[in-house]
Amino acid sequence: MSTGSHGEVQQDDGRFRVTRWTIEPGGAIPMHRHDHDYVVVPLVDDTMYAVAPDGSEIAAELRIGESYTRIAGVEHRVENRGSTNTIVFVEVERL
């Protein structure tokens, strides 16, 4: 699968890191581990898929402005399986 994603760090002050993520149709954020608790703020309505190292997956239903949190230690690949819409969200990590 082509990467088809990029992150733009908007703020990093040593306490919080704010990154705007964009995942193109058919793209993914490669497997990674979160070392910090974090908040996701969706900027689009869509579905993205989080795939764990063991292959299990969660379909995350994104709704504009409906934030959710996750704890440190989460490991996954994030996929946009759609063919037309770009997924965009802001991730806020508590450093």
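By convention here, the first residue in the shown sequence is residue 1.
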*Under a 4.5 Å side-chain heavy-atom rule over Ile, Leu, Val, Met, Phe, Trp and Tyr, are Val78 and Val40 clustered together?*
yes
Under a 4.5 Å cut-off applied to non-hydrogen side-chain atoms, are [X] and [Y] in contact?
{"X": "Leu43", "Y": "Arg20", "result": "yes"}
{"X": "Val18", "Y": "Val90", "result": "yes"}
{"X": "Thr84", "Y": "Pro25", "result": "no"}

*Would you say the side-chain atoms of Arg33 pair up with the backbone N or O of Gly73, donor to acceptor, closer than 3.5 Å?*
yes
Rounded at 0.5 Å granularity, tell me how far [atom1] in [X] sits from [atom2] in [Y].
{"X": "Glu93", "Y": "Phe16", "atom1": "CD", "atom2": "CZ", "result": "11.0 Å"}
{"X": "Phe89", "Y": "Thr22", "atom1": "CZ", "atom2": "OG1", "result": "8.5 Å"}
{"X": "Glu61", "Y": "Tyr68", "atom1": "CD", "atom2": "OH", "result": "11.0 Å"}
{"X": "Ile29", "Y": "Ile23", "atom1": "CD1", "atom2": "CD1", "result": "4.0 Å"}
{"X": "His76", "Y": "His32", "atom1": "NE2", "atom2": "NE2", "result": "3.5 Å"}
{"X": "Thr47", "Y": "Asn80", "atom1": "OG1", "atom2": "CG", "result": "9.5 Å"}

*With sequence neighbours excluded, tell me which residues meet side chain to side chain contact (heavy atoms under 4.5 Å, CB included) with Asp12.*
Val9, Arg17, Leu95
_Residues in side chain to side chain contact (heavy atoms under 4.5 Å, CB included) contact with Ala52, at least two apart in sequence or another chain_ = Asp54, Ser56
*asked:* Check this for me: does any side-chain nitrogen of one of Glu57 and Arg77 sit under 4.0 Å from a carboxylate oxygen of the other?
replied: no
Return the minimal non-hydrogen interatomic distance between [X] and [Y], and the atom names on each side.
{"X": "Glu66", "Y": "Pro42", "result": "O-CD, 3.4 Å"}
{"X": "Val41", "Y": "Gly65", "result": "CG1-CA, 4.5 Å"}
{"X": "Pro30", "Y": "Ser5", "result": "CD-OG, 4.3 Å"}
{"X": "Val74", "Y": "Ile71", "result": "CG2-O, 3.1 Å"}
{"X": "Val44", "Y": "Ile87", "result": "CG2-CA, 4.0 Å"}
{"X": "Ala72", "Y": "Asp37", "result": "N-OD1, 2.8 Å"}

*Quick one: side-chain hydrogen bond (donor to acceptor under 3.5 Å, both in side chains) partners of Arg70, sequence neighbours excluded?*
none
_Can you confirm whether the side chains of Glu91 and Thr19 place a donor and an acceptor under 3.5 Å from each other?_
no
*asked:* Does atom CZ (Arg63) have a neighbourhood of more than 12 heavy atoms from anything else shown, all under 6.0 Å?
replied: yes
